[in-house]
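The next block holds one structure in the form of structure tokens; read it before the comments.
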Amino acid sequence: MKQTILVTGGTGFIGSHTTVELINAGYDVVIVDNLSNSNANVIDGIEQITGVRPVFYHADCCDLDAMDKIFSAHPIKGIIHFAASKAVGESVQKPLLYYKNNIVSLVNLLELMPKHDVKGIIFSSSCTVYGQPDPENLPVTESAPIKPAESPYGNTKQINEEIIRDDINSGAPIKAILLRYFNPIGSHPTAIIGELPNGVPMNLIPFVTQTAIGIREQLKVFGNDYDTPDGTCIRDYIYVVDLAKAHVKAMQRVLDMDTPQLEVFNVGTGRGVSTKEIIDAFEKATGVKLNWAYAPRRAGDIEKVWANPDKANNVLGWTADTSLEDTLKSAWNWQLKLRERGIQ
Ligand code: UD1
């Protein structure tokens with residue numbers, strides 16, 4: 001029998017791609033999203049890609065009663081919890097909003113899991129928990145020290161990891177996997193779903209594609225005096241479809257295998273790529289010239305971080321196998337598709 005998975009934040013960027021991969025892998029999916037940063041028409045896109053329409057609830061995970069009813073209505077066995085506020089700058093302005101949204105929603109889910117016999121939860125964490133790793137810890141492994149958070153957003157990721165750990169240590173009859181994402185980019189190969197930033201993008205790749213298509217005049221590269229080979233920051237950019245597939249592996253592990261109650265995996269490629277290298281790779285992959293210039297450093301930026309993904313490769317049985325070139329092409333195709341649809 002098919003297992004039912006609740007995907008919170010399932011109309012968002014990573015949530016929608018993960019829903020597609022869950023459906024492809026044979027799961028039934030129930031999506032809950034408050035649509036604060038996404039659109040319900042993403043459900044149409046998921047149906048177009050997979051031929052299956054996931055159940056959708058316009059609801060907020062902070063609403064315990066609404067969530068209780070959803071758990072009562074479906075035989076949910078596992079949860080993938082994406083629903084969260086994620087803008088670093090905004091979290092500094094509105095910390096309470098971030099603490100409420102991101103923490104209350106998780107606590108509600110953990111409270112409801114035993115009541116409704118939900119076995120497992122996969123939590124969207126972030127490499128932000130490592131801060132700037134010390135040089136001897138690069139590429140970063142899961143056992144690298146957790147650094148004090150740079151923002152309320154980052155703090156909610158750390159606190160949520162601790163909440164899950166404390167809940168399991170207290171004897172909660174659940175299993176959990178924390179996935180620490182590096183920098184998810186790109187869009188589905190069909191260009192039917194993708195990343196839709198609200199207003200001026202803060203993240204690099206949407207800014208690159210919007211500049212390339214003429215929505216933004218110029219990309220500013222924040223800082224060229226970092227201690228890196230070309231002076232620009234280094235990140236581990238991972239294709240969102242590869243990342244989505246890591247969730248399917250994690251869900252199978254949590255539900256069907258005899259594994260530890262709590263596990264943590266880095267989800268990255270293991271390849272550190274500089275901002276300048278992204279620009280060069282984008283121009284090469286798409287043949288489009290970018291208007292860009294160096295600008296001062298962005299406050300709070302990490303100089304360099306990339307993953308050691310050995311644990312995910314060997315234990316989870318997952319690897320990020322899409323090339324950077326194909327990933328950047330997919331981001332560009334999505335931007336072209338948005339223009340066709342008259343969205344941006
Ligand atoms: C940022 C957040 C991180 C969060 C992640 C979610 C910060 C400091 N970190 O990560 O906590 O988990 O988003 O997606 O905000 N860049 C430019 N010009 C631009 C935009 C970005 O040069 O217009 C550079 C940045 O300086 C950085 C790299 O591109 O070196 C990647 O930036 P971004 O996409 O914002 O991701 P992170 O900073 O890694």
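When a ligand or atom number is given, it counts from 1 through the structure's own listing order. Owing to the predicted nature of the structure, the values given are computational and were not obtained by experimental measurement.
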The protein heavy atom nearest to atom 14 (O) of ligand 1 is N203 ND2, 3.3 Å

N183 and ligand 1 - part of the residue with a heavy-atom distance under 4.0 Å:
side chain

Quick look: K86 vs ligand 1, heavy-atom contacts under 4.0 Å, and the answer is neither

Quick check: do K157 and N102 have side-chain heavy atoms less than 4.5 Å from each other?
no

Identity and distance of the protein heavy atom lying nearest atom 3 (C) of ligand 1:
V88 CG2, 4.0 Å

Which atoms of ligand 1 are found less than 4.0 Å from any heavy atom of V221?
22 (O)

Do V264 and R180 have side chains that approach each other closer than 4.5 Å (heavy atoms only, starting at C-beta)?
yes

Using a 4.5 Å cut-off on heavy atoms from C-beta on, say whether the side chain of P201 contacts that of E195.
no

Are L179 and S124 packed together at the side-chain level, in the sense that at least one heavy-atom pair is separated by less than 4.5 angstrom?
no

Return the closest protein heavy atom for atom 28 (C) of ligand 1 as residue, atom name and distance.
Y237 OH, 3.5 Å

When rounded to the nearest 0.5 angstrom, what is the spacing between OG1 in T19 and CG in D33?
9.5 Å

Let me see the working for Y27 and H247 under ring-ring contact (aromatic ring centres under 6.0 Å, His included), right down to the final yes or no.
CA-CA 12 Å; Y27 290 100; H247 292 81; over 10 Å; no

In terms of residue, atom name and distance, what is the protein heavy atom nearest to atom 25 (C) of ligand 1?
D301 OD2, 3.4 Å

Quick one: does F182's side chain get under 4.5 Å of T269's, heavy atoms only?
no

Close approach of G300 to ligand 1, heavy atoms, under 4.0 angstrom:
yes

Distance to 0.1 Å, residue and atom name: give those for the protein heavy atom nearest to atom 24 (C) of ligand 1.
T275 OG1, 4.0 Å

Contact check, side chains of R53 and D44, non-hydrogen atoms, under 4.5 Å
yes

Protein contact to atom 35 (O) of ligand 1 [nearest heavy atom, distance to 0.1 Å]
R298 NH2, 2.9 Å

Ligand 1 atoms nearer than 4.0 angstrom to some heavy atom of T128 are 11 (O)

If the cut-off is 4.0 Å to any non-hydrogen atom of M202, which atoms of ligand 1 fall inside it?
20 (C), 35 (O)

On a heavy-atom basis, I'd like to know which of S126, S151, C233, A295 is closest to atom 30 (O) of ligand 1.
C233

Test applied, side chain to side chain donor-acceptor pair (under 3.5 Å); reference residue, S274; option that passes from D230, N224, D280
D230

Report the part of L219 in contact with ligand 1, treating N, CA, C, O as backbone and CB onward as side chain, heavy atoms under 4.0 Å; options are side chain, backbone, both, neither.
side chain

Report the nearest protein non-hydrogen atom to atom 18 (N) of ligand 1: residue, atom name, distance rounded to 0.1 Å.
K220 O, 2.7 Å

Which residue and non-hydrogen atom of the protein lie closest to atom 4 (C) of ligand 1, and at what distance in Å?
Y153 CE2, 3.8 Å

Under 3.5 Å between some N or O of ligand 1 and some N or O of F222?
yes

Checking side-chain polar atoms at under 3.5 Å, does K311 have a donor or acceptor matched by the opposite partner on T141?
no

Per-residue contact class, L204 against ligand 1 - non-hydrogen pairs under 4.0 Å:
both

Examine the side chains of S36 and N34 and answer whether a donor and an acceptor come within less than 3.5 Å of each other.
yes

